[in-house]
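Working notes, beginning with the structure itself.
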Protein chains: 2
Amino acid sequence: MSTAPEATVDALVQLSFAIQRILATVGAERELSVVQMRLLGIVRDRRIGMAELGLHLGLDKSSVTGLVTRAERRGLVQRSPSPDDGRAVHVTLTPLGRAWTEQGAAEVAAAIGELTAHLDADQRTALTSLAESLVSGPATPR
Amino acid sequence: MSTAPEATVDALVQLSFAIQRILATVGAERELSVVQMRLLGIVRDRRIGMAELGLHLGLDKSSVTGLVTRAERRGLVQRSPSPDDGRAVHVTLTPLGRAWTEQGAAEVAAAIGELTAHLDADQRTALTSLAESLVSGPATPR
DNA sequence: TATTGTTATACTCTATAACTATA
DNA sequence: TATAGTTATAGAGTATAACAATA
């Protein structure tokens with residue numbers, strides 16, 4: 001049970017808030033919450049049902065129902081019955097939802113670009129690999 | 001308008017979710033949301049009123065009213081009238097609130113310690129200073 | 001007039017429990 | 001029986017608008 005030095009804890013917590021603020025700000029331009037943005041991002045590249053969506057988002061299935069219903073009402077996603085399983089539905093992006101998702105992703109990348117603009121190439125590489133190693137554990141050479 | 005490379009964007013966004021998940025998990029042990037945790041953390045070292053609290057949290061003052069009321073109802077914070085300004089109130093931690101705040105901070109530090117356990121001292125130092133530089137801009141030597 | 005804070009209201013977001021339909 | 005999803009309900013969290021009290 002290691003405890004990180006206070007400076008490291010503070011820096012990572014503050015950085016996480018800065019990134020979340022970027023996501024919230026980009027979403028707010030289209031009145032999307034961070035969770036709605038994640039929903040669109042997840043549905044973007046997966047063929048997925050409500051249950052699996054709940055796993056990705058860390059939400060109960062009943063919460064996902066409301067989330068998807070609100071996004072559907074706004075014309076961003078669609079429910080369609082699964083051809084394989086009569087109980088299941090698939091959630092997919094509408095053309096509008098796809099456009100917003102791509103624009104949002106570009107705006108997030110631009111804002112993070114501003115945040116990291118003062119780094120040189122080596123620093124950026126170091127930051128990226130350190131961040132990756134925290135998320136997925138130490139590098140796993142194949 | 002610089003745009004960060006995709007790998008950097010992904011790594012930072014995923015890292016921010018990992019840190020937020022730690023905060024949410026630690027809070028959940030005491031049925032505290034991340035915002036309630038932030039509230040306690042802000043009140044911990046400042047003598048502060050509702051308006052300034054709203055600025056720190058990025059919330060409207062009416063939202064802060066509800067947030068503080070719920071925390072007060074649970075015995076975590078106290079409102080007290082400002083001696084200087086008849087309109088203002090100060091929000092302070094109760095002994096229980098202080099205990100929870102300190103325990104929570106320790107648990108967050110421990111969890112982030114786990115996350116960074118695989119880093120050696122140099123890597124940890126590099127990560128900390130890179131993260132600090134993103135949050136507060138490039139190093140500003142005095 | 002401006003500022004501090006609360007109240008009323010409405011909506012999003014979330015979980016729990018109970019339910020329907022399909023596997 | 002188990003799984004996929006919805007509905008009903010309750011509560012937290014948020015903003016806007018209107019308000020009271022103080023500066």
Side-chain angles (χ1 to χ4, degrees), chain A residues 17 20-21 23-25 27-43 46-92, chain B residues 17 20-21 23-25 27-43 46-92:
Chain A
F17 281 120
Q20 293 287 314
R21 189 159 41 245
L23 297 176
T25 301
E29 291 170 22
R30 296 174 183 81
E31 296 186 76
L32 292 174
S33 68
V34 172
V35 176
Q36 292 279 2
M37 304 259 292
R38 288 179 70 192
L39 165 63
L40 299 182
I42 291 166
V43 169
R46 276 170 268 263
R47 184 147 205 80
I48 201 177
M50 305 294 280
E52 203 182 343
L53 204 42
L55 287 181
H56 280 276
L57 291 168
L59 295 177
D60 187 85
K61 55 188 180 167
S62 65
S63 303
V64 178
T65 294
L67 206 60
V68 169
T69 298
R70 287 186 294 273
E72 197 173 31
R73 195 187 302 147
R74 295 177 64 184
L76 300 173
V77 303
Q78 270 181 328
R79 280 177 169 95
S80 45
S82 164
D84 311 323
D85 185 334
R87 302 167 298 179
V89 302
H90 286 155
V91 182
T92 54
Chain B
F17 281 120
Q20 293 287 313
R21 190 159 41 245
L23 297 176
T25 301
E29 292 171 21
R30 296 174 183 82
E31 297 187 76
L32 292 174
S33 68
V34 173
V35 175
Q36 292 279 1
M37 305 260 291
R38 287 179 71 192
L39 165 64
L40 298 181
I42 291 166
V43 170
R46 276 171 268 263
R47 183 147 206 81
I48 202 177
M50 305 293 280
E52 204 181 343
L53 205 42
L55 287 180
H56 280 277
L57 292 167
L59 295 177
D60 188 85
K61 54 189 181 168
S62 65
S63 304
V64 178
T65 294
L67 205 61
V68 169
T69 297
R70 287 186 293 274
E72 196 173 30
R73 197 187 298 148
R74 295 178 63 184
L76 300 173
V77 303
Q78 270 181 328
R79 280 177 170 95
S80 46
S82 165
D84 311 324
D85 185 334
R87 303 166 298 181
V89 303
H90 286 155
V91 183
T92 54

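Computed over heavy atoms, backbone and side chain alike; hydrogens, waters and symmetry mates excluded. In this text, all values refer to a predicted model and were calculated from it rather than measured experimentally. In what follows, every chain begins at residue 1, and chains take the letters A, B, ... in the order their sequences are listed.
- At the heavy-atom level, A/G66 lies nowhere under 4.0 Å from the strands shown.
- Distance, A/M50 CE to C/dA21 P: 18 Å, rounded to whole Å.
- For C/dT3, the base has a donor-acceptor partner in the side chain of B/R87 [N/O atoms by modelled type, under 3.5 angstrom].
- B/L59 places its CG atom 16 Å from the C1' atom of C/dT6, with the value rounded to the nearest Å.
- For the pair B/D84 CG and C/dT3 C1', the computed distance is 15 Å after rounding to whole Å.
- Judged by closest nucleotide on DNA chain D, A/E52 is the one of B/S33 and A/E52 placed further toward the 5' end.
- Atom-to-atom, CG of A/L57 to C1' of C/dT12 comes out at 15 Å; the value is rounded to the nearest Å.
- Between A/T92 and A/V43, the shortest heavy-atom contact is CA-CG1, 3.6 Å.
- Running 5' to 3' along DNA chain D, contacts with non-hydrogen atoms of chain B at under 4.0 Å begin and end at D/dA12 to D/dA23.
- Between A/R70 atom CZ and C/dA10 atom P the separation is 18 Å, expressed in whole Å.
- The phosphate of C/dT4 (OP1 or OP2) has no side-chain N or O of B/S82 nearer than 4.0 angstrom.
- B/S82 contributes atom OG, which lies 13.5 Å from atom CE of B/M50 (distance to the nearest 0.5 angstrom).
- Among C/dT6, C/dT14, C/dT16, the nucleotide with an atom closest to any side-chain atom of A/S62 is C/dT16.
- Among the protein residues, B/V64 comes within range of no part of the nucleic acid, since none of its heavy atoms lies under 4.0 Å from any strand.
- Among the atoms of the strands shown, only primed sugar atoms or phosphate atoms (P, OP1, OP2) are found under 4.0 Å from some heavy atom of A/V89.
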